Amino acid sequence: MGKGGKPDGGDGFEEASRDGCEQENMAAWLLGVNTLKIQPFKLPNLGPRDVLIRLKAVGICGSDVHLFKNMRCADFVVKEPMVIGHECAGFVEEVGSEVKHLVPGDRVALEPGINCKRCELCKQGRYNLCPEMKFFGSPPTHGCLANQVVHPGDLCFKLPDNVSLEEGAMCEPLSVGVHACRRASVGPETNVLVMGAGPIGLVTLLAARAFEAPRIVVADVNDHFLSVAKALGAHEIVKVSTNIEEVAEEVAKIKEAMGTRVDVSFDCAGFNKTMATALSATGSGGKVCLVGMGLRELTLPLTSAAAREVDVIGLFRYKNTWPLCLELLRSSKVDVKPLITHRFGFSQKEVEKAFETSAGGGNAIKVMFNL
């Protein structure tokens, strides 16, 4: 479908392939660097608490691109062929005997991580940190860029009538922004700086607006993404560079744009310069949340930040965010539709083109498959 290729009637593609025909399940397998191939994908048997989902909307995340280009993302290394993808929504086709909240035909968004429910972190409610987590598309767990998947029913969330399947798939990246705002306690008295206007920076901006941050400044090196941030509700935007020597000058520009103290900064890029800028721009007693992970290791000016009691907060995925994300979408407090810039079908040629588009930079924000 390519850029601007919209499904007929908005969500008309939702009705496709629901005629009950038995077809072999196919998925996009990562076979090597820059090598994806659509091949058969055998599903496990449906357990009593599981749901069979026919997927209709799957987004490409930056981590998918990292795997595609490098066969690894941070410490997660692809050692054998695997199905990728983790941002998804679709139709319920079959439910296990113990699943009572869903029926065939329901439209659902899927939370992609399956935690053990037994470890201390899970019992404490911090299940996103579970050491036994099985997360769609994170090696060695297969992902969801497929016709069908089997998934636990309690991780499948019914979509409100006015929320599309594409928006349902966008609950995954939006969850990162929501979890970041929760971790940093963003609220009506919290002035927010967002470093980075890529997909995660933009959903963090949207989440901060929904959490009623009174003033939000977004900084980035890219004029186009800054213009998108402005259109999505940033109060001010600041063009920055990649030169670490310009941190002090750019911090002054950010403070001027904010017009008051920066209470919370979100580094949605994860580079030495973006984190150094966030630490320096944040007011004494404020918080800096590291959301993006551009580098595996960072060298940071922590001493001066520590002397000002600036708290550094880590972030890993999310927890208990889908109900809130769906409510934000239902109530129109958040609109993720402008972030979907490119759409593709599910053929070998279009899968290759979609990943080339997502990996190639340019003006792509969110690339979405319509299956």
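Keep in mind that this is a model prediction, so the values were computed, not measured. The figures that follow rest on heavy atoms only: side chains count, while hydrogens, waters and symmetry mates do not.
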| message | For the residue pair Arg343 and Phe369, would you count it as a cation-pi contact if the rule is NZ or CZ under 6.0 angstrom from the ring centre and within 45 degrees of the ring axis? | response | no

| Does a side-chain N-to-carboxylate-O contact under 4.0 Å join Glu166 and Lys56? | no

| task | Please examine the side chains of Phe346 and Leu145, heavy atoms only from C-beta on, and report whether any two atoms are closer than 4.5 Å. | result | yes

| message | Closer than 4.0 angstrom, basic N to acidic O: yes or no for Lys117 and Asp154? | response | yes

| field | With Arg308 via salt bridge (charged side-chain N to carboxylate O under 4.0 Å, His left out) - residues at least two apart | value | none

| said: Enumerate the ring pair (Phe, Tyr, Trp, His ring centres under 6.0 Å) contacts for residues 27-70, please, sequence neighbours excluded, ordered by first and then second residue. | reply: Trp29-Phe41, Trp29-His142, Phe41-His142, Phe68-Phe355

| message | Between Lys239 and Asp220, does any side-chain N to carboxylate O distance fall below 4.0 Å? | response | no

| task | Start with the C-alpha distance between Ser347 and Glu350, add both sets of side-chain angles, then the distance that settles side-chain hydrogen bond (donor to acceptor under 3.5 Å, both in side chains), and finish with yes or no. | result | CA-CA 5 Å; Ser347 66; Glu350 294 222 41; 4.5 Å; no

| Under 3.5 Å side-chain donor-acceptor pair for Glu250 and Ser241 | yes

| field | Distance-only polar pair, side chains of Asn272 and Thr299, donor-acceptor under 3.5 Å | value | no

| field | Presence of salt bridge, Lys158 and Asp106, under 4.0 angstrom | value | yes

| request: Check the angle between the aromatic planes of His342 and Phe344 and answer parallel, tilted or perpendicular using the 30° and 60° thresholds. | output: parallel

| query | With no hydrogens and no angle check, do the side chains of Ser175 and Glu172 hold a donor and an acceptor under 3.5 Å apart? | reply | no

| field | ring pair (Phe, Tyr, Trp, His ring centres under 6.0 Å): pairs with one or both residues in residues 197-240, sequence neighbours excluded | value | none

| task | Given ring pair (Phe, Tyr, Trp, His ring centres under 6.0 Å), test Phe136 with His151 step by step and report yes or no. | result | CA-CA 10 Å; Phe136 272 159; His151 204 53; 4.6 Å; yes

